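None of the values given here were measured: they were computed from a predicted structure.
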Protein chains: 2
Amino acid sequence: MQRIINKPDMVVEDMLKGFVKAHDDIVMPTSNPRVLKYKDAPVKGKVGVVTGGGSGHKPAFIGYIGKNLCDAVAVGEIFSSPTAQAFYDAFREADSGKGVACLYGNYAGDNMNVKMAIELAADDGIEVKTVVANDDVASAPKEERHKRRGVAGEVFMWKIGGAKAALGGSLDEVIAAAQKAIDNTRSVGIGLTPCTIPAVGHPNFEIKPGTMEVGIGHHGEPGVEVCEIKTADEMAKMMVDIVVPDLPFVEGDEVAVIVSGLGATPVMELYILYNKIEELLAEKGIKVYKSFVGNYFTSLEMMGATFTAMKLDDELKELLDLECNSMGLKVFGK
Amino acid sequence: MQRIINKPDMVVEDMLKGFVKAHDDIVMPTSNPRVLKYKDAPVKGKVGVVTGGGSGHKPAFIGYIGKNLCDAVAVGEIFSSPTAQAFYDAFREADSGKGVACLYGNYAGDNMNVKMAIELAADDGIEVKTVVANDDVASAPKEERHKRRGVAGEVFMWKIGGAKAALGGSLDEVIAAAQKAIDNTRSVGIGLTPCTIPAVGHPNFEIKPGTMEVGIGHHGEPGVEVCEIKTADEMAKMMVDIVVPDLPFVEGDEVAVIVSGLGATPVMELYILYNKIEELLAEKGIKVYKSFVGNYFTSLEMMGATFTAMKLDDELKELLDLECNSMGLKVFGK
């Protein structure tokens with residue numbers, strides 16, 4: 001492994017130490033070593049926003065702690081759910097008495113541990129409501145959307161939910177805004193290389209050189225098609241053809257777009273991909289209101305990219321445009 | 001190649017199109033397809049700040065166009081200098097009549113083309129002065145510092161020069177600030193994998209699996225030592241032991257630090273590296289005032305990282321803290 005690590009089973013521990021040092025203007029450690037919080041959390045009078053998930057997806061999840069974003073994050077091992085205790089402690093760190101919106105991705109471990117954590121929090125009188133991201137189109141058919149996984153669309157869910165909370169929304173209003181964000185969002189990924197969990201030491205799935213996997217998940221979950229590697233323009237077309245009909249996005253829509261690398265793909269190439277995606281959307285009469293091109297939700301050192309689109313309305317535009325400051329997402333207010 | 005490209009010799013062209021679309025709130029194309037400018041450039045009454053260099057180093061160089069940063073950038077092919085014409089056109093786009101500070105890296109092609117461009121600009125009555133970054137410690141002995149290459153320390157040079165210009169500095173003041181920034185800055189890189197220029201199709205240098213190259217340049221220029229791959233903590237020590245004695249950084253110093261990935265190294269690992277670097281500096285009585293951990297200056301899909309430190313004084317702190325907004329660097333004002 002050509003990697004910058006110490007002991008493979010200490011990767012998360014070591015990373016968290018460095019992260020806290022590098023971002024002490026934004027984040028703070030808590031008494032639970034697997035929970036980080038926004039330095040001003042709990043923010044008085046504000047609904048708390050919490051997320052959590054496995055490590056290896058940087059900036060997700062801890063990179064979205066910050067002003068007008070997430071207040072606390074539960075941290076799991078590489079590609080593994082945080083514990084129920086970590087989610088519970090995150091709820092406690094985030095709650096100012098206004099309740100907590102837990103905005104997380106649809107994975108079995110996270111679902112189970114969030115559920116247990118909510119029960120623990122209820123005993124403390126902390127009200128927690130959830131939105132479960134399921135934006136990954138390729139992970140289940142449309143009629144079984146509840147089975148779909150959450151991927152890079154979670155960034156929009158956090159942005160929108162975090163902004164709604166910052167503007168004084170009630171718990172129900174924050175949940176409604178975050179739910180609308182994810183309901184309006186669809187994603188798809190293309191994988192070009194596998195990745196290696198340091199403690200495992202070899203890839204746990206395969207992508208043969210010269211091929212690519214369309215619809216791959218953030219942990220190497222199988223996609224819908226393995227084919228010869230295509231040009232960037234052809235990849236863009238495949239992605240648009242999967243994402244657009246699913247919502248569906250239609251002529252006249254305005255959208256926000258994320259083109260995220262999976263970790264090891266040069267950012268230069270993401271712009272090549274975005275160039276064609278924007279063109280294809282424009283041909284369909286779909287206007288990109290705001291775009292985010294870069295590494296927003298990764299999978300260790302996988303090569304490849306994801307395309308995410310969120311259909312906007314006036315509320316979502318206002319929330320998207322609100323200033324925020326985190327390691328992973330910085331937006332200057334208008 | 002597991003890459004997201006169309007025609008290999010159209011990579012820069014396609015990337016620029018996507019970049020301009022994605023960042024039209026910050027950058028604008030110009031009549032020279034290989035020059036991008038800040039949307040408000042030339043900024044009235046402000047010294048223009050220009051840089052330029054080969055492509056494949058994103059965010060460098062175009063990612064540092066923006067508010068209180070660079071006004072115009074000349075774009076080269078992958079790992080190749082921009083033309084003299086591109087530098088000249090960038091000067092013209094940036095100049096508001098106050099002169100232009102051209103802040104670039106010490107490479108033969110760039111030196112030659114900048115020199116020719118300055119002559120062309122002189123004919124137009126545009127005054128251009130330069131700072132040539134040479135922060136890469138491993139690229140030449142200390143007594144031949146003028147032979148050293150510019151690497152990630154250029155980001156500090158642009159930040160400081162851009163801020164000085166934004167605050168109304170004269171051309172000589174901007175040059176002096178940027179020169180002080182780079183004089184106070186030292187960098188070193190460790191490479192873990194080679195990279196492939198798309199139009200070439202295979203790596204033009206080798207790093208054998210299980211080994212690493214200390215002191216490697218941003219285009220695979222040979223380093224000072226090839227050895228078995230070490231732990232992150234050992235890599236941190238090697239980097240600190242090269243960088244610190246060279247300036248030298250001494251007890252009581254405050255520094256700004258960049259730990260940049262080379263492209264394909266997961267950002268998670270950069271935090272592991274930073275954790276130890278910060279600790280080693282602290283042991284020497286050197287305090288990190290501000291840190292930047294992420295992909296700030298890359299080499300296509302190389303794995304590895306660079307460590308950059310800049311010794312601070314009150315002026316450099318003030319300039320470092322000034323708000324800026326670009327694709328590659330966003331700093332919120334205090």
Heavy-atom distances under 4.5 Å only: say whether I229(A) touches chain B with side chain, backbone, both or neither. side chain
Ring centres under 6.0 angstrom apart (Y271(B), H23(A)): yes
Heavy-atom cut-off 4.5 Å, strictly under: side chain, backbone, both or neither for L262(A) against chain B? neither
Is M10(A) close to chain B through its backbone or its side chain, or both, or neither, when contacts mean heavy atoms under 4.5 Å? neither
Measure distances from V11(A) to the heavy atoms of chain B and classify the residue's part below 4.5 Å as side chain, backbone, both or neither. both
Which atoms of H57(A) are under 4.5 Å from chain B, going by heavy atoms: the side chain, the backbone, both sets, or neither? neither
Bottom line for M268(A): the part with an atom under 4.5 Å from chain B's heavy atoms is both
Report the residue from K21(A), K17(A), E13(A) that forms a side chain to side chain donor-acceptor pair (under 3.5 Å) with N275(B). K21(A)
Hey, does the side chain of E269(A) reach the backbone of M15(B) with a donor-acceptor pair shorter than 3.5 angstrom? no
Chain A contacts: which residues in residues 291-299 of chain B have a non-hydrogen atom closer than 4.5 Å to it? S291(B), V293(B), N295(B)
Would you please indicate yes or no on a ring centroid separation below 6.0 angstrom for Y274(B) and F19(A)? no
Give, as side chain, backbone, both or neither, the part of K208(A) having an atom under 4.5 angstrom from any heavy atom of chain B. backbone
Any side-chain to backbone donor/acceptor pair from E234(A) onto N6(B)? Under 3.5 Å, distance only. no
